[in-house]
Each structure stands twice: as C-alpha cells, then as structure tokens.
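Everything below concerns the one structure shown next.
Letters A, B, ... are given to chains in the order of the sequence lines, protein chains preceding strands, and every chain is numbered from 1.
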Amino acid sequence: MRLSRFPLSTTKETPADAEIVSHQLMLRAGMIRKLAAGLYTWMPLGLRVLQRVESIVREEMNRSGAVELLMPAVQPGELWQETGRWDKFGPLLLRFRDRHERDFCFGPTHEEVITDLIRREIRSYKQLPLNLYQIQTKFRDETRPRFGVMRAREFLMKDAYSFHLDAESLAEEYQEMYDAYTRIFRRTGLTFRAVQADSGAIGGSVSHEFHVLAESGEDAIVFSDGSDYAANVELAPALPPAGERPAPGGAMTTVDTPGVHTMDDLAASLDVPLSRCLKTLLVRGSEAPVVALLLRGDHSLNELKAERHPAVAEPLTLADRDTIRAAAGCEPGSVGPVGLDVPLVADHAALSLADFVCGANRDEQHLRDVNWGRDLPEPESADLREAGAGDPSPDGQGKLGVARGIEVGHIFQLGTRYSEDMNAAVLDDDGNSRFVHMGCYGIGVSRVVAAAIEQNHDANGMIWPEAIAPFTVAVVGINMHKSTQVADTAERIYRALLDAGIDAALDDREARPGVKFADMELIGIPHRIAVGDRGLERGQVEYRGRRDTDSQEVAVDDVVAHVRSLLQR
RNA sequence: CGGGGUGUAGCUCAGUCUGGUAGAGCACUGCCUUCGGGAGGCAGGGGUCGUAGGUUCAAAUCCUGCCACCCCGACCA
C-alpha cells in the first residue's frame, strides 16, 4: 500500500470523549470513527486489523472442522417467542416491525435462527455431529455502550453452534473448540488465558472464557502458580483456612469508637489488623426480611456466591439505612452479629477468627475480643468471599495469583435447552427421536482489536503483534519527493518486500520525516525501514523494530532478508 | 434506569460568572523559507455558539423545555 493514496488521518490530540487507551489510540490513528453511541465506522486502517483477526479465526475454525455459513442479521420475533427470550431479553434486544406490522429484531446472537435451521435440515444422527459458524455483525442495545469498540452496540462476532446426538459427542467438540480457541489467540500474538466461567444452570465446569490479559480489563481472573487451574474470580471457590481456630483469650469488652464508620477506620483506631475485624453486611433474605453476611475485614464479598446462598434473596440487595436501623438499632458502621436477631451466615475465614473486633449494634461502639460459641452462637458457614492473591488454589496445588482480563471468547455447553424449546430432534440408530445436544462458541472479533491495543501500547502509540498488524513493515522515504535516489530505493525495497510476500506500506507522503515516524509509531507498524540520502551514500538504510530504542544500519541489498529473518522467529 | 458532567470551526479548548460586532492552537487551501523526530512566516477558507422557546434595545452568555454525547452505578452475558 502506498500511503500517499491511503486515507491515513492521525491526530496529536486525544479526543475528549475517549476514556481508555485503546479507544483513544484508535481514534487518534484514524482506525474508527463514531457515528452514534456504540456505532463505529471501521476506517480502512482499522478494517485491515479487523480482517486479519477475522482471517485467523476463520482459518482455525475451518481447521477444527467447523463449517462457515451466513445467517440473516434480522430475525423474526416469533422464533424468539418460541424460546421465551422475546420477553426475557428485554430492551437489550433491538426490535422493530416491517410494513406488515410483523415483529423483528436485529440479532444479538443466533441460537434461535440456527436451531430453526437445524430442525428443518437435520433428520438423522448420521448427519451429526455438525459445527456451523458465521462471522457477522451483531447488535445489542446496551444501556451504556462505552470504551469504543470494546463494548459497542454493533460489533463483529464469530458465533459457532455445534449439534450432537449425545452429551459425550458435545464434550468432544467442546474440547475441539477449546483447542481451536487456544490456537486462535496464540496466533494473534496476544497474552491470554482460558478460565473456568460461570456455567449457570447447567453446572460443572462446562463453560470457559478466554481473556486477553490487560491491566484495564473489566474482569478479574485467578490462576494457580502450581497447576493449570484458572477461573473467573466470580466463580473461584475460596477454601476454608487450614488449622484449628485459636482458643478464646480475654473477655469480650465494649469500646467507644467515635467517628469510626469504615473497616479501615476501625482497624486503625483500635490498632488491630484488618484481618481480625469482622465485617457485617445486611442483605435482603429469601425468607427472613434481613440476613447478615459475615466476612473478615480484609475480604470482600463475592456477589455471585452470596446470591446463590439459599438464605439470600435474589437479586442480591444490600439493606438500606432504614432497614439496618430497624434490624440492628444503629447506623451501618456499627453493625455486628452479637445479639443480632437475624439469620447469620459467616464466611469460612470469618468463622476461624478468635478474639475479633466487630460492631456493637450501638452507634459509635464496637466489641473487642469476641469469640464464636462463647459470646454468640456458632453461625452457619459458607463460602462468601472473593478469592484473592495468595489464597491456596481450589485444586489444592499452588497459590492463586490475580490478573485482569478482557473477555474475548466464550465457549459453552448448552445441552438440549434450545432443542427442547424449539423441537429440534433427530432419529437415533434405534429409530427413536432425540433432542440434539448443542454447544455454542463465541469470539468478539472487534473486541479482540481493542484488547490487543490495551495489552500492547506505549507512549508513542499502538504496538501490533505481527499477525494482526495493519501492515507488517513500513518503508519510510526521507524527503523522497526531493531525492530521486531515495524515491527509487524506497520503491525498490517496497516492491521486493511485496514480492517476498511481506505486507509492506510505502510511506511516500510528502511529509517531514518526524511526521512520518510519529505516524508509523502511532499506528504501531512492527517494523520500519527508513531510507534517506544520508545512509544511501554508504549504501545503507535503517531498520528499527517498534519496540526498539535505536535503529540499526543495514545494507540496502540485505534489508529484505533482514526483515524476513526477523519475521521467521 | 438513577446520579454527575459536557455541548462554541474537522479536533482540543477559551469566551458564559459580570449580556454589547465569534476567538486561540492543531488540521485544511495558496505562496515563500525550511525539511532525518509532529517546522516557521505571510495570506486565506471554515461557525444558524446542540435545539426550541422566553426575558432584553441587545443573548454563546440569563431563564425554561427538549436532544445528543461522556463518566459513575444498577442492569445485561
């Protein structure tokens, strides 16, 4: 590509409405342009990256035996009525009517359409297993689209659906997809992790998310340093502490704690570690109006775990100030379990405390040296807290570390949920009709692009992994409109790179060198060859990798081989 | 949906408090100089100041409604 004929449109200034670095850089580099909230045009530069990701996904899906098709983006509402999701999906589903007043929606996902297709097409177990996928634009009417294409309303998704006679076949295909996803994300050059994810009503570890690791990720994931255990933190169990609870020491006493309303205040004012304070959270109960959840002061509540506890009402609702005063007789900062007449559920770690500090259920007072069994009854125990760094791994091997990730892929065993609702069945070898088992497998293709930037950038801009870079090499002509020597050499190198099968850009714009360098760094081209009169006098050009701090001189005739050797690494 | 914020040139923003002829930088066009790390000079084009109404001799500025966008949260997978 000759950049003189390519609509590159970079800016020095960061657009005011972009919050995260990938969004800022994509706008500054001219990769995307906003049309409306959550709707973006992919400019030629951005589209090149998007298509590279798309190609990798397509190649590996095909390699895995999945077969590509393309379904309509617009879907009839009646299909969604069949599965009950017309109502359940709520405003996330963009609905509209055609001229005959029939209901339609713009597809946010395609389980209904593909299941409808399969029930018409597939009659026999001999036609199974089958895995069909598409790469297509989806629309989800998010209440708050944000972060550019990271969470857009319209986005590009690869969605695959597999169909099987039984659960065993589904499990095999699931593993096939797990392996394919691993190859896909490995090929993009990104650092990623597959983690166990919330599997909803189905149970077992039959759902995995694939996360690109990045500090700015919205999800926390935990992983063991002693095994391959990795999970979304919302799912990771926190093991009960090993060892016996220490014996009680001195008698319980009441202390005045004026102005103390937070756990940090409490630990500081009484000079006890946070880990020996007890946090009491009042939430709405499923039977009792209020239930107290007890946690160690340094632990935080895992909302998913709390919500799944039978005593807790769904959805999880923290008690408001009035409810707290009615139940405990004090302000939120002084609530404690001693003498509190509501059901108590204690996290395992909280239950192994001795001589702890907690609220006294009187304003501005707390209790010291409180002990389970002695000063109050032993409460029910449960796993309520968020697992954290340093915790033992749930599989018993190693300790947990915590990282942040961006969810770019999700694979799931659906079972017969949709096939039953929509009556998608085949005949087995005994002639019996059986509902097909289904799996679904998604990749947020456009989100991968943003995630790649979140993970790979510096003060000068983006740093693309070679596999998804918009161009692999930039040939920058220094003042090439003034020097035929430079123009000819740059042109020759550019053509030689193309002939070698390397995706090169020739920066033949009539711009100053500093502008060109800055642009090539902003748009993150992995390799750069600068051609200028100064070096050509000695038969040399300059090579510089995007992460390098210095350039190196390479003979004009060797530069293509030089780049090629770097690419083969 | 709740809370907060912002709407002035393509972009980043000043001007609004205290009403009185629409501004700067970047970008863009032309000319000159310069040109191996986001050049300088001169000249120029570009605005119904988000929108509708109101107050006023006079509104970007004050008042009211509406719209759009952004942030936090809840929601969603």
Which nucleotide in B/rC71, B/rC69, B/rC76 has an atom nearest any side-chain atom of A/Glu19: B/rC71
Closest listed nucleotide, where the reference is the side chain of A/Phe517 and the choices are B/rA39, B/rG37, B/rC70: B/rG37
Side chain to side chain contact (heavy atoms under 4.5 Å, CB included) between A/Arg547 and A/Ile463, worked out: CA-CA 8 Å; A/Arg547 291 183 190 273; A/Ile463 307 176; 3.8 Å; yes
Within 45° cone and under 6.0 Å: A/Arg33 NZ/CZ vs A/Tyr40 ring: no
Check: A/Tyr178 ring centroid to A/Phe210 ring centroid under 6.0 Å: yes
Distance-only polar pair, side chains of A/Asn232 and A/Gln196, donor-acceptor under 3.5 Å: no
Sugar-phosphate only, base, or nothing, as touched by A/Lys516 at under 4.0 Å among non-hydrogen atoms: nothing
P gap between B/rG50 and B/rA22, integer Å: 14 Å
Sugar-phosphate, base or nothing in reach of A/Ile478, heavy atoms under 4.0 Å: base
Under-3.5 Å donor-acceptor pair between A/Asn479 side chain and B/rG36 base: no
Check: A/Glu13 side chain, B/rG38 base, donor-acceptor under 3.5 Å: no
Proximal nucleotide (of B/rC72, B/rC1, B/rG38) relative to the A/Thr143 side chain: B/rC1
Nucleotide B/rA77, atom P - distance to CZ of A/Phe89 in whole Å: 7 Å
Quiz item: A/Arg146 side-chain donor-acceptor pair to B/rG73 base, under 3.5 Å: no
Under 3.5 Å donor-acceptor pair, A/Arg144 side-chain atoms to B/rG4 base atoms: no
Touch class at under 4.0 angstrom, heavy-atom based, for A/Gly535 against every strand present: base
Under-4.0 Å side-chain N/O to phosphate OP1/OP2 contact, A/Arg512 with B/rA39: yes
A/Gln24 CD - B/rC11 C1' separation (whole Å): 14 Å
Touch class at under 4.0 angstrom, heavy-atom based, for A/Glu521 against every strand present: base
Distance, C1' atom - from B/rU64 to B/rC26, rounded to whole angstrom: 37 Å
Nearest listed nucleotide, side chain of A/Ala37, among B/rC69, B/rU12, B/rG38: B/rC69
Touch class at under 4.0 angstrom, heavy-atom based, for A/Arg528 against every strand present: base
Sugar-phosphate, base or nothing in reach of A/Arg28, heavy atoms under 4.0 Å: base
Sugar-phosphate only, base, or nothing, as touched by A/Thr10 at under 4.0 Å among non-hydrogen atoms: base
Inter-nucleotide C1' distance (B/rG45, B/rA52), Å rounded: 31 Å
Polar side chain donor-acceptor pair, A/Tyr174 to A/His208, under 3.5 angstrom: yes
Proximal nucleotide (of B/rC76, B/rU12, B/rG36) relative to the A/Arg151 side chain: B/rC76
A/Ala16 side chain, from C-beta outward: closest of B/rC13, B/rA39, B/rC69: B/rC13
Among B/rA77, B/rG38, B/rC70, the one nearest A/Val515 by side-chain distance: B/rG38
Atom-pair distance (NE2 on A/His23; P on B/rC69), nearest Å: 13 Å
Spacing of A/Met150 atom CE relative to B/rC76 atom P, expressed in whole Å: 22 Å
Protein-nucleotide distance (A/Arg153, atom CZ; B/rA77, atom P), rounded to Å: 18 Å
Side-chain-base donor-acceptor pair under 3.5 Å for A/Arg544 and B/rG37: yes
Side-chain donor-acceptor contact under 3.5 Å, A/Thr416 with A/Glu420: yes
Proximity to the side chain of A/Lys34 - top-ranked nucleotide from B/rG37, B/rC76, B/rC69: B/rC69
Backbone of A/Thr109 reached by a side-chain donor or acceptor of A/Gln75 within 3.5 Å: yes
